[in-house]
> 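Quick one: the structure is below, questions incoming.
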There are 2 protein chains.
Amino acid sequence: MITPMRVSRAHSIADDLRSKITTGQLQPGQRLPAETELATRYGVSTATLRNALGTLQAEGLVEKIHGRGNFVHPPLRRTTYVGGWGTLDPRTAADAAQRVTIRTTKTTAPKEHPAALLARPEGTALTEILCLTYDGEVPHGLARTYVPHDTTSPPNVGTVTADAPCQGPAARFAVLTPPPAEVRETVCARLPTPDEASTLRIRPTTTVLAITRTTTDATGLIVEAAQLVFPADRVAAVFTSHLLDDADERQTRP
Amino acid sequence: MITPMRVSRAHSIADDLRSKITTGQLQPGQRLPAETELATRYGVSTATLRNALGTLQAEGLVEKIHGRGNFVHPPLRRTTYVGGWGTLDPRTAADAAQRVTIRTTKTTAPKEHPAALLARPEGTALTEILCLTYDGEVPHGLARTYVPHDTTSPPNVGTVTADAPCQGPAARFAVLTPPPAEVRETVCARLPTPDEASTLRIRPTTTVLAITRTTTDATGLIVEAAQLVFPADRVAAVFTSHLLDDADERQTRP
DNA sequence: CAGTGGTCTAGACCACGCG
DNA sequence: GCGTGGTCTAGACCACTGT
């Protein structure tokens, strides 16, 4: 295909700036000329130029800061969320050096959402653990974990989660009986709620990766539910599944 | 906080239209008045009104169609990608009624990306399986699967994958020896490549959920690598991990 | 063809960050 | 106060869809 392709003025400006960034002609962290300056330089109106910059912003190449300027986005520290039982590898251990703040709240009248996740009736006592991880000064992840009080002794949970709040549940629930048996994680990408956006300090228009995790013990009771939210451009989630020597998984389907 | 909050004109218009949609005052599939009409009705310029509609489009509430109008987005059939060994549940089985097109290509000079995923040297012969699933007439998912020829007999792979191209690898590789042992799936959200956008018939600015999957056999060889792409507003990915009676997973870390 | 959204202009004024 | 980006206007013209 020859693709002569009518491209918009804004599109070709975005292409030009993009190549200047990827080739290193514009260095990470560097400030771009003012929008008015760029607009005259490209011979377009400011609206058109802003449109082009908006594209690059969506691509994560440019960061716009009101009152300061447009900056070439510094190289993204892309961190990894490890799903399942969270067997840690060295790379993830390095990430764990992030700063973390935790707020634990005992709730007696659970809101609608967590109660449903936990498959408990309204009114069940539960603990909400709010966990914010930081990458340097920048919020990097938000975890809201809900633990009901009817299955487990609250003090244990408090201690354990405070030690390893954002790692897999294996370490976290090691001391509990009965031990957890299954983790189910649902991953989707969506826009953040206004709350999430302000907590993570991201624009309401930047996508987040949302992971809903429920942990079930051997008896089938849900012992933990969590809602994890990360800016989509800064994380990837990894899930590893092992097949046992005899494929017992397949027996669930004749 | 009282949040008097300066909101932009566009923002409040978006709020108004959003509530009209969520309360059913505007029905799914219904066409909105023309942008010029809405602009005069709200007393703003067309640019401002288009901005408001852009927000709703990003939220998946409105679909803009060039030359036809703006439409309230029909209820999203949110389908589920089942990770790991893909134990199917009834809900997923229903989704499998989607239409599928498949193109299989034998490649002798693999491109850079798939070769790296497969941990094979450049030049290894491999088969590329392009799989497009449809939800009605709308493309719904794109799967690019790469299978090297050095571990397995190609004919088998061809047949098996054609039968169950977008399900878990358990069914697909059941006939192979040695059987696969591990599936690793990396999930991230990003903008589509121009190719992906046109194949999936989505705007280049709509986020996709990208899943990179590698399947490893018992000897540690990667027997399959796949790059799966879905429009982010139409899928969620589910991963379920079981812990065995004795926690052997933990032994990987002393 | 008429009607729709898509792109663009050449300004204006406002809100933010910093010295 | 100054320079920056953020919002907005009142148009113009182009591109697409349906009749």
Side-chain angles (χ1 to χ4, degrees), chain A residues 3-17 26 29-58 61-73 137-138 194 197-198 201-206, chain B residues 3-17 26 29-58 61-73 137-138 194 197-198 201-206:
Chain A
T3 8
M5 190 89 171
R6 278 243 152 271
V7 294
S8 68
R9 206 89 179 70
H11 193 123
S12 60
I13 292 173
D15 283 346
D16 185 57
L17 288 172
L26 290 169
Q30 188 177 339
R31 217 207 76 184
L32 299 179
E35 299 187 346
T36 52
E37 160 72 18
L38 282 173
T40 59
R41 198 182 290 185
Y42 280 108
V44 297
S45 73
T46 59
T48 303
L49 186 111
R50 282 177 55 73
N51 202 313
L53 284 179
T55 304
L56 297 177
Q57 189 188 22
L61 288 173
V62 161
E63 186 177 11
K64 317 193 70 161
I65 305 183
H66 193 162
R68 297 224 291 138
N70 294 279
F71 297 83
V72 178
H73 210 110
E137 286 306 308
V138 192
S198 69
R201 309 252 207 93
I202 57 178
R203 294 226 155 61
T205 55
T206 61
Chain B
T3 8
M5 189 87 173
R6 278 239 151 275
V7 295
S8 69
R9 204 89 182 71
H11 193 120
S12 61
I13 292 173
D15 284 346
D16 185 57
L17 287 173
L26 292 169
Q30 185 177 340
R31 217 207 76 185
L32 299 180
E35 300 188 345
T36 52
E37 160 71 18
L38 282 174
T40 58
R41 197 181 292 186
Y42 280 108
V44 296
S45 73
T46 60
T48 303
L49 186 113
R50 282 178 55 73
N51 201 314
L53 284 178
T55 304
L56 297 177
Q57 189 188 22
L61 288 172
V62 161
E63 187 176 12
K64 318 193 68 159
I65 305 181
H66 192 163
R68 297 225 287 139
N70 294 280
F71 297 83
V72 179
H73 209 109
E137 288 305 310
V138 192
S198 70
R201 309 254 207 91
I202 57 178
R203 296 227 154 62
T205 54
T206 62

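In this text the structure is predicted, and so the values were computed from the model without any measurement. Labels below follow one simple rule: chain letters A, B, ... track the order of the sequence lines, proteins then strands, and each chain is numbered from 1.
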> Look up atom CG in B:Leu56 and atom CD in B:Glu63, then write down how far apart they are to the nearest 0.5 Å.
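Reported to 0.5 Å precision, the distance equals 13.0 Å.
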> If you measure from CG on A:Leu38 to CD1 on A:Ile13, what distance do you get to the nearest 0.5 Å?
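Between atom CG of A:Leu38 and atom CD1 of A:Ile13 there are 8.5 Å.
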> So do B:His11 and B:Thr55 actually touch side chain to side chain, heavy atoms under 4.5 Å?
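The answer is no; the side chains never approach within 4.5 Å.
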> Mind listing the residues from residues 64-71 of chain B sitting with a heavy atom below 4.0 Å of DNA chain D? Number order is fine.
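The stretch gives B:His66, B:Gly67, B:Arg68 as the residues lying under 4.0 Å from the strand, ordered by number.
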> Would you say A:Glu35 and A:Thr46 make side-chain contact, with heavy atoms under 4.5 Å?
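No; the side chains remain at least 4.5 Å from each other.
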> Report yes if some heavy atom in the side chain of A:Thr48 is under 4.5 Å from a heavy atom in the side chain of A:Tyr42; otherwise report no.
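Not in contact.
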> Walk me through whether B:Leu53 and B:Leu32 qualify under side-chain contact (heavy atoms from CB on, under 4.5 Å).
CA-CA 10 Å; B:Leu53 284 178; B:Leu32 299 180; 4.0 Å; yes
> Among residues 34-50 of chain A, which ones have heavy-atom contacts with DNA chain C below 4.0 Å?
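The stretch gives A:Gly43, A:Val44, A:Ser45, A:Thr46, A:Ala47, A:Thr48 as the residues lying under 4.0 Å from the strand, ordered by number.
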> Give, for atom CG of A:Asn51 and atom CZ of A:Arg9, the distance between the pair rounded to the nearest 0.5 Å.
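Result: 12.5 Å between the selected atoms.
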> Check the surroundings of atom CZ in A:Arg201: do more than 12 heavy atoms from other residues, nucleotides or ligands lie under 6.0 Å from it?
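Counting other residues, nucleotides and ligands, CZ of A:Arg201 stays at 12 neighbours or fewer.
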> Show your working on side-chain contact (heavy atoms from CB on, under 4.5 Å) between B:Leu61 and B:His73 and close with a plain yes or no.
CA-CA 5 Å; B:Leu61 288 172; B:His73 209 109; 5.6 Å; no
> Going 5' to 3' along DNA chain C, which are the first and last nucleotides with any atom under 4.0 Å from a heavy atom of chain B?
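Nucleotide range with atoms under 4.0 Å of chain B: C:dG3 to C:dA15.
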> Is there a side-chain contact (heavy atoms from CB on, under 4.5 Å) between A:Arg68 and A:Arg31? Walk through the geometry before answering.
CA-CA 9 Å; A:Arg68 297 224 291 138; A:Arg31 217 207 76 184; over 6 Å; no
